[in-house]
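Just so it is clear, the structure is predicted and the values come from calculations on it, not from any experiment. Every heavy atom of this structure was used, including side-chain atoms; hydrogens, water molecules and symmetry mates were not.
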Amino acid sequence: MLQLCSDAESAARRPVYKTHPYRFRLMEVGPIYNTGMALEQRYTDEHAKAGLDFDFPAIETWPNQFPGYEIQIDDPEFTSVCPKTGLPDFGVLTLRYMPRGRCAELKSLKEYLFCYRNLGIFQENVVNQVLEDLVKACDPVWAVVKGDFRPRGGISTTVEARWPRPSV
């Protein structure tokens, strides 16, 4: 049976191409399945915590004048960085909340969200950190933060976090 094998997999038999790392050659092999699967953990606890210790600026607020209405804020050009690969993550970040006594000031919120642009942080952590900071700043009746992240490697992700947090 013939199977494609990268030069990196056959490095013991011949040198790996330094200038062309994605060249392939045919070689005779037996039935091998899932040879590209990781045999060891690729993501560490440090990757999982990445970005959460960043000193984010405070989200400024202004006094709310009316009760019982909803605010929705969209950031259709949200970007952050994968802490493992360094590749950019693109998505739409949507914040919805019912203000109590304070509303988020939009320019301040925009500057806050810009901090994520070059920050290595997982998408799930982005959504939860934004929710925590919005709640800390505004003390809303309720809040929902949703991140709809574009595909990378064929997989897209949608993450949604709510306040108050549901009991588990």
How long is the straight-line distance from [atom2] of [Y] back to [atom1] of [X], given to the nearest 0.5 Å?
X: Asn64; Y: Asp139; atom1: CG; atom2: CG; answer: 11.5 Å
X: Leu87; Y: Ser80; atom1: CG; atom2: OG; answer: 11.5 Å
X: Leu134; Y: Ile73; atom1: CG; atom2: CD1; answer: 7.0 Å
X: Asp133; Y: Tyr112; atom1: CG; atom2: OH; answer: 3.5 Å
X: Ile59; Y: Lys136; atom1: CD1; atom2: NZ; answer: 9.0 Å

(request) Return each pair, listed once, that meets ring pair (Phe, Tyr, Trp, His ring centres under 6.0 Å) where at least one residue sits in residues 63-93; pairs must be two or more places apart or across chains. (result) Phe78-Tyr116
(message) Under the ring pair (Phe, Tyr, Trp, His ring centres under 6.0 Å) definition, can you give me all pairs with a residue in residues 121-141, not counting sequence neighbours?
(response) Tyr43-Phe122
Under a 4.5 Å side-chain heavy-atom rule over Ile, Leu, Val, Met, Phe, Trp and Tyr, are [X] and [Y] clustered together?
X: Leu119; Y: Phe114; value: no
X: Leu93; Y: Val135; value: yes
X: Leu113; Y: Val92; value: no

Validation row: [X], [Y] side chains within 4.5 angstrom (heavy atoms):
X: Val126; Y: Val159; value: no
X: Gln72; Y: Thr94; value: yes
X: Asn118; Y: Thr79; value: no

Less than 3.5 Å apart, which donor and acceptor atoms pair up between the side chains of residues 149-156 and the rest of the protein, not counting sequence neighbours?
{"from": "Arg150", "atom 1": "NH2", "to": "Asp148", "atom 2": "OD1", "distance (Å)": "3.0"}
{"from": "Arg150", "atom 1": "NH2", "to": "Asp148", "atom 2": "OD2", "distance (Å)": "3.3"}
{"from": "Arg152", "atom 1": "NE", "to": "Pro88", "atom 2": "O", "distance (Å)": "3.3"}
{"from": "Arg152", "atom 1": "NE", "to": "Asp89", "atom 2": "OD1", "distance (Å)": "3.2"}
{"from": "Arg152", "atom 1": "NH2", "to": "Asp89", "atom 2": "OD1", "distance (Å)": "2.4"}

Could you tell me which non-hydrogen atom of [X] sits nearest to which non-hydrogen atom of [Y], and how far apart they are?
X: Cys138; Y: Thr61; answer: SG-CG2, 3.9 Å
X: Ala104; Y: Trp62; answer: O-NE1, 3.6 Å
X: Gly147; Y: Val127; answer: N-CG2, 3.7 Å
X: Cys115; Y: Pro57; answer: SG-CD, 3.4 Å

(message) Going by the rule ring pair (Phe, Tyr, Trp, His ring centres under 6.0 Å), which residues pair with Tyr97 if we only count those two or more places apart in sequence or in a different chain?
(response) none
(request) Kindly indicate, with the supporting measurements, whether the criterion side chain to side chain donor-acceptor pair (under 3.5 Å) is fulfilled by Asn128 and Glu132. (result) CA-CA 6 Å; Asn128 283 283; Glu132 292 290 324; over 6 Å; no
Which residues satisfy the salt bridge (charged side-chain N to carboxylate O under 4.0 Å, His left out) test with [X], sequence neighbours excluded?
X: Glu160; answer: Arg162
X: Asp74; answer: none
X: Arg96; answer: Glu70

(message) Can you list everything that forms a side chain to side chain contact (heavy atoms under 4.5 Å, CB included) with Val81? Sequence neighbours excluded, please.
(response) none
(message) Checking Pro63 now: which residues fulfil side chain to side chain contact (heavy atoms under 4.5 Å, CB included) with it, not counting sequence neighbours?
(response) Gln65, Arg102
(message) With salt bridge (charged side-chain N to carboxylate O under 4.0 Å, His left out) as the rule and sequence neighbours excluded, what pairs involving residues 46-69 come up?
(response) none
(message) According to salt bridge (charged side-chain N to carboxylate O under 4.0 Å, His left out), does anything in residues 110-122 pair up with another residue at least two apart or in another chain? List the pairs.
(response) none
(request) Under 4.5 Å between side-chain heavy atoms, chaining through other members, with only Ile, Leu, Val, Met, Phe, Trp and Tyr counted: pull out the rest of the cluster around Met98, sorted by chain and number. (result) Val141, Trp142, Val144
(request) Before giving the answer on side chain to side chain contact (heavy atoms under 4.5 Å, CB included), spell out for Leu109 and Asp75 the whole-Å C-alpha distance, their side-chain angles and the decisive distance to 0.1 Å. (result) CA-CA 10 Å; Leu109 182 63; Asp75 182 352; over 6 Å; no
